[in-house]
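Encoded as structure tokens, the structure appears first; notes follow it.
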Amino acid sequence: MRDALDATPYDALLLLSFGGPEGPDDVVPFLENVTRGRGIPKERLKEVGQHYFLFGGVSPINDQNRALLDALRKDFAEHGLDLPIYWGNRNWAPYLTDTLREMVADGHRRVLVLATSAYASYSGCRQYRENLAESLAALQAEGLEPPRIDKLRHYFNHPGFLEPMIDGVIASLAELPEDVRDGAHIAFSTHSIPNASADTSGPVEGHGEGGAYVAQHLEVSRLIADAVRERTGVDHPWQLVYQSRSGAPHIPWLEPDICDHLEERHASGVPAVVIAPIGFVSDHMEVLYDLDTEAKAKAEELGLPMRRSATVGDDPRFAAAVRDLVLERAAVERGQEVTPCALGALGAGHNVCPVGCCPARAPKPAAAGVDSPYA
Ligand SMILES: CC1=C(CCC(=O)O)c2cc3nc(cc4[nH]c(cc5[nH]c(cc1n2)c(C)c5CCC(=O)O)c(CCC(=O)O)c4C)C(CCC(=O)O)=C3C
Ligand SMILES: [Fe+2]
């Protein structure tokens with residue numbers, strides 16, 4: 001029998017994700033959740049929802065999280081980590097507050113959170129911490145004792161997050177026609193966000209052009225491109241590019257957009273492109289629509305051979321990385337010396353978001369940080 005792995009003081013893991021609609025009737029209510037407080041008229045939401053209606057109103061994200069849950073539970077059981085795993089979303093069922101209420105009823109007092117976003121940004125980090133604080137306040141208002149919540153560090157440079165994407169890029173290169181393969185360009189793609197949000201992403205000392213958000217994505221791009229060169233012997237040119245921008249057109253968001261980038265690369269004579277969606281944990285709507293539909297159509301219009309590489313999804317190496325991150329954080333909480341697992345030059349990020357990390361436009365309480373109103 002394997003030695004039992006020790007996650008003390010934690011008694012449960014919570015997978016926290018964005019959530020997505022699971023049928024046509026869900027789309028507008030889901031979008032109302034996502035854009036709450038931004039006063040977007042229902043007609044505009046129906047327009048934004050067109051991407052979802054193209055896929056029958058179903059986002060793949062919830063099923064991808066169900067598959068990730070299965071992979072995590074399988075890995076934990078096979079390695080003797082007896083830690084129950086729950087799942088809650090920001091914008092659709094199972095909602096975070098309902099899941100936390102269930103965790104309290106099951107007697108859990110110390111909860112560790114895995115967000116399905118590997119990087120520092122307001123949308124991918126602090127907004128999840130604000131969701132946690134809102135839910136804890138709701139439980140308190142019901143007379144329940146909220147559990148103590150910590151959040152796992154940004155895992156963009158964990159080998160278990162990188163290895164599946166390195167294999168994915170190599171597999172996509174191999175799918176390209178042989179005569180254009182070695183000259184192929186790699187476009188590392190992530191979610192565009194407002195420049196102002198990027199510049200203030202991560203801890204204050206890293207604020208400045210692009211902030212931690214751009215620095216972390218450049219590091220991931222470099223680590224993948226270097227590994228592809230070492231394993232294939234071919235040095236592919238690459239660039240970090242952005243997708244899925246929204247909001248008012250006059251507000252500057254990170255560029256270049258992936259479709260503009262394909263045009264520009266084609267005009268400069270690049271023979272083929274692999275698009276690597278490093279900004280996302282799974283192939284959800286912003287991959288299926290923005291890349292596999294829009295960017296694919298642009299590449300076909302240009303006559304540019306293009307393949308899109310896989311996200312990590314429920315890869316066993318990512319599940320093993322989560323186990324490693326949980327045990328690492330638990331050991332830190334027990335006061336033990338740990339050597340965090342992280343590749344590249346940036347090193348392992350903070351365990352507790354410092355004051356001023358990924359600040360919101362309008363400050364709101366946020367859990368799992370130095371400035372958390374909860375213990
Ligand atoms: C950084 C980032 C991530 C990655 C981190 C993470 O994974 O959390 C992410 C993920 C996602 N974004 C998603 C969908 C949407 N994002 C929107 C709007 C926005 N996202 C933003 C940023 C991000 N978003 C921003 C700055 C906005 C505009 C302002 C705002 O509203 O804060 C809108 C509203 C319509 C619109 O404005 O386009 C929708 C529908 C889905 C679900 C996909 C599915 O259903 O499969 C997922 C996983
Ligand atoms: Fe943060």
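First listed ligand is number 1; within each ligand, the first listed atom is number 1. Values below: every heavy atom of this structure, side chains too, minus hydrogens, waters and symmetry copies. Just so we're clear, the structure is a prediction, and the values are computed from it rather than from any experiment.
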Between the side chain of Arg181 and the main-chain N/O of Ala174, is any donor-acceptor distance below 3.5 Å?
-> yes
May I ask which of Val34, Leu16, Leu254, Val287 has a heavy atom nearer to atom 34 (C) of ligand 1 than the others do?
-> Val34
Would a hydrophobic clustering, with Ile, Leu, Val, Met, Phe, Trp and Tyr connected at side-chain separations under 4.5 Å, put Ile170 with Phe318?
-> yes
Taking the side chain from Arg323 and the backbone from Phe76, do they hold a donor-acceptor pair closer than 3.5 Å?
-> no
With a cut-off of 4.0 Å, which atoms of ligand 1 are near a heavy atom of Tyr128?
-> 6 (C), 8 (O)
Honestly, for Tyr122 the part within reach of ligand 1 (heavy atoms, under 4.0 Å) is neither
Heavy-atom nearest option to atom 44 (C) of ligand 1, drawn from Ser59, Ser244, Ser123, Ser246 = Ser59
Are Tyr86 and His108 close enough that their ring centres sit under 6.0 Å apart?
-> yes
Would you say the side-chain atoms of Arg361 pair up with the backbone N or O of Ser197, donor to acceptor, closer than 3.5 Å?
-> no
Within a distance under 4.0 Å of any heavy atom of Leu31, pick out the atoms of ligand 1 and give their elements.
-> 40 (C)
Closest non-hydrogen atom pair between Leu14 and Val111, with its separation = CB-CG1, 3.9 Å
Per-atom filter on ligand 1: closer than 4.0 angstrom to a heavy atom of Met285 are 43 (C), 44 (C), 45 (O), 46 (O)
Do Glu286 and ligand 1 have an N or O pair less than 3.5 Å apart?
-> yes
SB check Arg110 Asp150 (cutoff 4.0 Å) | yes
Taking only non-hydrogen atoms of Ile193 and a 4.0 Å limit, the atoms of ligand 1 in range are 1 (C)
Shortest protein heavy-atom distance from atom 48 (C) of ligand 1, along with the residue and atom involved = His284 NE2, 3.3 Å
At a non-hydrogen distance cut-off of under 4.0 Å, which region of Val281 contacts ligand 1 (side chain, backbone, both, or neither)?
-> neither
Polar-atom distance check: Thr35 versus ligand 1, any N or O pair below 3.5 Å?
-> no
Short side-chain to backbone donor-acceptor contact, Asn33 and Asn91, under 3.5 Å = yes
Give the contacting part of His191 toward ligand 1: side chain, backbone, both or neither, where contact means a heavy-atom distance below 4.0 Å.
-> side chain
Any N/O of Gly19 closer than 3.5 Å to an N/O of ligand 1?
-> no
State yes or no: are the ring centers of Phe188 and His217 separated by less than 6.0 Å?
-> no
If you compare Phe18, Phe280, Tyr52 by their heavy atoms, the one closest to atom 43 (C) of ligand 1 turns out to be Tyr52
Which heavy atom of the protein is the closest neighbour of atom 30 (C) of ligand 1, given with residue, atom name and distance?
-> Arg38 NH1, 2.8 Å
Taking only heavy atoms of Val48 into account, list the atoms of ligand 1 that are under 4.0 Å away from them.
-> 35 (C)
Would you mind telling me if ligand 1 is within reach of the side chain of Phe55, the backbone, both or neither, using heavy atoms under 4.0 Å?
-> neither
Please state whether the rings of His261 and His185 are parallel, tilted or perpendicular, taking 30° and 60° as the class boundaries.
-> tilted
Has the side chain of Arg308 got a donor or acceptor atom that lies under 3.5 Å from a matching backbone atom of Pro277?
-> no
So, are Asp314 and Lys74 salt-bridged, with charged N and O less than 4.0 Å apart?
-> no
Contact atoms of ligand 1, heavy-atom distance to Thr116 under 4.0 Å = 7 (O)
Does Trp253 come within less than 4.0 Å of ligand 1, judged by its heavy atoms?
-> yes
For ligand 1, which atoms, with element, lie under 4.0 Å from some heavy atom of Ile61?
-> 46 (O), 48 (C)
Salt bridge present between Asp11 and Arg148 (N-O < 4.0 angstrom) = no
Check: of Ser117, Gly20, Ser121, Ser192, min heavy-atom distance to atom 6 (C) of ligand 1 comes from Ser117
